[in-house]
Amino acid sequence: MKKTSCILIILVALIGCKNNSKNTPEIPVKKATIYPSDVISFMDEWKILLGDGTYKDSLVNYAKDNFFYVETENETNWVVYKTPNAGVTSRTSSNTRTELGQKKHWIPETGGKLTGTLKVQHVSTTGDATVASSFSVVVGQIHSDEGHENEPLKIYYKKFPGHTKGSVFWNYEINTKGDNIGRFDYSTAVWGHDFSVVGSSSTEFPKEPEDGIALGEEFSYKVNVDQGIMHLTFTAKDHQTVQFTKSLIKSEFATKETIPAQVKSVYANREKGGGVERESAYANEKQYFKQGAYNQANGKSTKSETYAGDITRQYANGSYAEVWFKAATLDLGNSSEKE
């Protein structure tokens, strides 16, 4: 009898334990955060300005939701740069950016290299089609940090609403001789149109480029400045590889006679433009690379929708730029950088 009672007690205890285990909630395993610096290892070489005005100069193990973070797609990690049409801008621009800025400087004579493999996921869906910078985002730059602080390289992606394919092109901004009000950009197409191809009215778009790049379509660029010469290489699957060279130490635009017809057309009705460049262009002038999403849409020049600066509403209604990078590299030239 005593033995039977012991067996019953053990069975009741086991049943009770089993029932309790069913009622105990499972504790979810928290996934480890993947930071942009885990995906692209050069983040210690950069600082960043986000579209809400946040500035950070230490990017290892740093991310910020809705601006600078990691998305995983088909087991590939991508660093996301996202920025609205209106937010907090830098002192030299009317456009928002979530964009890296290289900490170190270099001069064209010593040079440096920047590469990126990316896809543009979104550009502003509103804007004036007659304005060259509408519906576009800059995904890589060389920026001067002396003199006029102009930009010898801006790599653009632009897609008009309703089009499947957009354009990739690059602009060279002159290092203006004299008053910088005369500055202008000269644009060169990579795939699709260049900067100068605009709509016939604010709501009418040009023909869609046959050889363009779609949103979400991956492409790569390589910028190599060596002994004052900028070498550019652009690659994409099912597209022709395109290469360019451009001197950063000897100007092509030093006289009125050398200003291209494209420039005269683009700047015909604008306050800026009409100047000439220093003969030595950007020679011996401090430069640095930039990479990310520099949104070219704003409420003023491109007349893009900004929802009174409300970032949440802008993101919900297509008033933003979003760029994903899965790989990038940075190298300085052989000589020490100029600080």
Does CD belonging to E279 count more than 12 external heavy atoms closer than 6.0 Å?
no
Distance-only donor-acceptor check, side chains N317 and S319, under 3.5 Å
no
Below 4.5 Å, heavy atoms only, C-beta onward: do V266 and V263 meet side chain to side chain?
no
Donor + acceptor pair across side chains of N77, D38 (<3.5 Å):
no
Give a yes-or-no answer on whether the side chains of R97 and Y294 include a donor-acceptor pair shorter than 3.5 Å.
yes
Rounded to the nearest 0.5 Å, the OG1 atom of T188 sits from the OH atom of Y186 at a distance of 5.0 Å
Rounded to the nearest 0.5 Å, what separation is found between the CZ atom of F135 and the NE2 atom of H163?
10.0 Å
Got W46 and Q102 here, is their nearest side-chain heavy-atom distance under 4.5 Å?
yes
Under a 4.0 Å N-O cut-off, is there an ion pair linking K246 with E252?
yes
Within this structure, what is the OG-CG distance for the pair S144 and L248, rounded to the nearest 0.5 Å?
10.5 Å
Are a donor atom and an acceptor atom from the side chains of T115 and T329 found within less than 3.5 Å of each other?
yes
Can K64 and D52 be counted as an ion pair, charged N to O under 4.0 angstrom?
yes
Rounded to the nearest 0.5 Å, how far does CD of Q287 lie from OH of Y282?
7.0 Å
I'd like to know if the side chain of T96 reaches the main chain of G51, judged simply by a donor and an acceptor atom lying under 3.5 Å from each other, with no hydrogens or angles considered.
no
With a 4.0 Å cut-off on N to O distance, would you call E99 and K290 a salt bridge?
yes
Are E277 and Y172 linked by a side-chain donor-acceptor pair shorter than 3.5 Å?
yes
Any side-chain donor near an acceptor of the partner, E217 and H239, under 3.5 Å
yes
For L330, does its backbone N or O pair with a side-chain atom of E45 as donor and acceptor, under 3.5 Å?
no
Given side chains that start at C-beta, do those of V79 and F68 come closer than 4.5 Å, heavy atoms only?
yes
E109 side chain to A283 backbone, donor-acceptor under 3.5 Å
no
Under-4.0 Å salt bridge between K119 and E322:
no
Side chains of T54 and L49: does their closest heavy-atom pair fall under 4.5 Å?
no
Do Q141 and L153 have side chains that get closer than 4.5 Å, going by heavy atoms?
no
Please check this pair: side chain of S37 against backbone of N61, looking for a donor-acceptor N/O pair closer than 3.5 Å.
yes
Taking the side chain as every heavy atom from C-beta outward, state whether Y267 and D185 have any atom pair closer than 4.5 Å.
yes
Look at R278 together with E285 and state whether they make a salt bridge at an N to O cut-off of under 4.0 Å.
yes
Distance under 6.0 Å and angle within 45° of ring axis: K222 vs F234:
no
State whether the side chain of Y157 and the backbone N or O of I213 hold a donor-acceptor pair below 3.5 Å, judged by distance alone.
yes
Less than 3.5 Å apart, any donor N or O on the side chain of D128 or S134 sitting next to an acceptor on the other?
no
Is the closest side-chain donor-acceptor distance between S187 and N171 under 3.5 Å?
yes
Donor-acceptor under 3.5 Å (H148 side chain, G178 main chain)
yes
Donor-acceptor pair between E305 and T126 side chains, under 3.5 angstrom:
no
Within the side chain of K82, is there an N or O that forms a donor-acceptor pair under 3.5 Å with the backbone of D65?
no
Heavy-atom side-chain contact between F219 and V168 under 4.5 Å:
yes
Less than 3.5 Å apart, any donor N or O on the side chain of N298 or N85 sitting next to an acceptor on the other?
no
Consider ring pair (Phe, Tyr, Trp, His ring centres under 6.0 Å). Of Y221, F195, W191, W170, which one does Y156 pass it with?
F195
pair V276-I174: side-chain heavy atoms closer than 4.5 Å:
no
Near D44 CG, under 6.0 Å, is it more than 12 heavy atoms from other residues, nucleotides or ligands?
yes
For Q227, does the CD atom have more than 12 heavy-atom neighbours from other residues, nucleotides or ligands under 6.0 Å away?
no
Any chance you could measure W324, atom CH2, to T76, atom OG1, to the nearest 0.5 Å?
10.5 Å
